[in-house]
Colleague: 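Sharing a structure here in structure tokens format.
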Amino acid sequence: MSQKKKILCVVGTRPEAIKMAPVILALKKEPWADVRVLATAQHRHMLDQVLDFFSIEPDIDLDIMRPNQALTTLTARLLLDLDDVLLAEKPDAVLVQGDTTTVMTVALACFYHRILIGHVEAGLRTGDMQNPFPEEANRVIASKLAKWHFAPTEGSRQNLLREGISADDVIMTGNTVIDALLMTASKELDLGVQLDPEKRLVLVTSHRRENFGEPFKNICRALHTLAINNPDVQFLYPVHPNPNVKDVAYSVLGDVSNFILCEPLDYAPFVAAMKHAYLILTDSGGVQEEAPALGKPVLVLREETERPEAVEEDVVKLVGSNYEYIVSETQRLLDDNEAYSAMARGVSPYGDGLASARIVKTLSDHFC
Ligand code: UD1
Ligand code: UDP
């Protein structure tokens, strides 16, 4: 075989690492690929948690995270560092995942350096640049610049075709989040948090920027009411470390006895928590994809979602940040067995666990 091809896989935040890990592990088995891992470390602790779990050691680490980082500063610092990395590494292709600031800046830097970009989880859209903010803009920009668009669903493939991207460059793969979930959920998992075995568990996560301020306060107030009204139910919320989230969550929910607040859980304990949960309230993208595959009803704490497939299957429902609606819809699922069972069917519209194999095949067809 001629010289190996250098594939630089980039991870910045927790969800990028979870969804890129199966691709990195699959690529490392390919004889033609020289796999290099770049951690921008837009997240520090949460990124390291995931990389440790999948035994992935970054070859380059930009250690970019600063407390309460602003988007413009983060972008500017990333672009400067990426210039040096791309000049030194000279990769044949770069893979990015999702819609974070890391993804947008890496796509732009690679475009300037005329390096091929593969975008994993391409084509998710709400059609509203403000919602989710700033992710919709990040993924639109990445789509404009990428060579390969790895679309997780038919809907995301169609979004890309509507934007004029050639059908030859859009590959429907499924979402690698299901690859990671299947690699993990079958293992013996320890949740690591003391729960009451007699009480049903409501699992909560929330961190989206467009909810910061009043919407997030409403969400916390609704959670407070639900916990007070349901002493026979326990609530678990691993709190995102963003200070805009953490400070409010602890001040509103910190003193409620059946509401457990904790640090972000490692990936395997979090999968254990999802498996244990009766229902899940979240604004997370990844959790919206994982929970249906585990048969757990999800109420989404957002006004919009770029993941309509599970909503169309009636196993995920949007409740936004409206206090009354969050309280009434959660209460309904806690009280009404029929409504609950209808949402706890276990469907997996986001993948079959083979997404990373399809991504690797596309690259190997191109390079070999
Ligand atoms: C980022 C992504 C968002 C993604 C989310 C996943 C952007 C603009 N946002 O949001 O799309 O859904 O990650 O979680 O790319 N922090 C820590 N330790 C950590 C991680 C974060 O302390 O391990 C704190 C820091 O103060 C940091 C702040 O959280 O400055 C915000 O991090 P940032 O990556 O800018 O935004 P997120 O809200 O985490
Ligand atoms: N997750 C985790 N620990 C937690 C909460 C979430 O490992 O305490 C995982 C979850 O299983 C999912 C991913 O983190 O795969 C989602 O990340 P996040 O919600 O931060 O980002 P988003 O998906 O919204 O971009």
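All ligand and atom numbering here is 1-based and tracks the order in the structure. Not measured: the values here are computed from a predicted model.
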Colleague: Decide whether the shortest distance between a heavy atom of Gln49 and an atom of ligand 2 is less than 4.0 Å.
Modeller: no
Colleague: How close does the nearest protein non-hydrogen atom get to atom 12 (O) of ligand 1, and which residue and atom is it?
Modeller: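 Result for atom 12 (O) of ligand 1: His207 NE2, 2.9 Å.
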Colleague: What about Leu265: any of its N or O atoms under 3.5 Å from an N or O on ligand 2?
Modeller: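 The answer is yes, given that Leu265 and ligand 2 share an N or O pair closer than 3.5 Å.
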Colleague: Quick check on contacts: which atoms of ligand 2 are under 4.0 angstrom from a heavy atom of Pro238?
Modeller: 8 (O)
Colleague: With heavy-atom distances below 4.0 Å as the criterion, list the atoms of ligand 1 near Leu71.
Modeller: 8 (C)
Colleague: What do you reckon, does Pro264 have a nitrogen or oxygen under 3.5 Å from a nitrogen or oxygen of ligand 2?
Modeller: no
Colleague: Is there a polar contact, in the sense of an N or O pair closer than 3.5 Å, between Gly285 and ligand 2?
Modeller: yes
Colleague: Do Gln42 and Thr102 get their side chains close enough for a donor-acceptor pair, meaning under 3.5 Å?
Modeller: yes
Colleague: For Arg208, is at least one N or O under 3.5 Å away from an N or O on ligand 2?
Modeller: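 Yes, there is a polar N/O contact under 3.5 Å.
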Colleague: Return yes when Met104 approaches ligand 1 closer than 4.0 angstrom through a heavy atom, no otherwise.
Modeller: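 Judged by the 4.0 Å heavy-atom criterion, Met104 does not count as contacting ligand 1.
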Colleague: Is there a polar contact between ligand 2 and Ser284, counting only N or O atoms under 3.5 Å apart?
Modeller: yes
Colleague: As an exercise, identify every atom of ligand 2 less than 4.0 angstrom from a heavy atom of His207.
Modeller: 18 (P), 19 (O), 20 (O), 21 (O), 22 (P), 24 (O)
Colleague: Hey, does Arg14 come in under 3.5 Å of ligand 2, counting only N/O atoms on both sides?
Modeller: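 Between Arg14 and ligand 2, an N or O pair is found under 3.5 Å apart.
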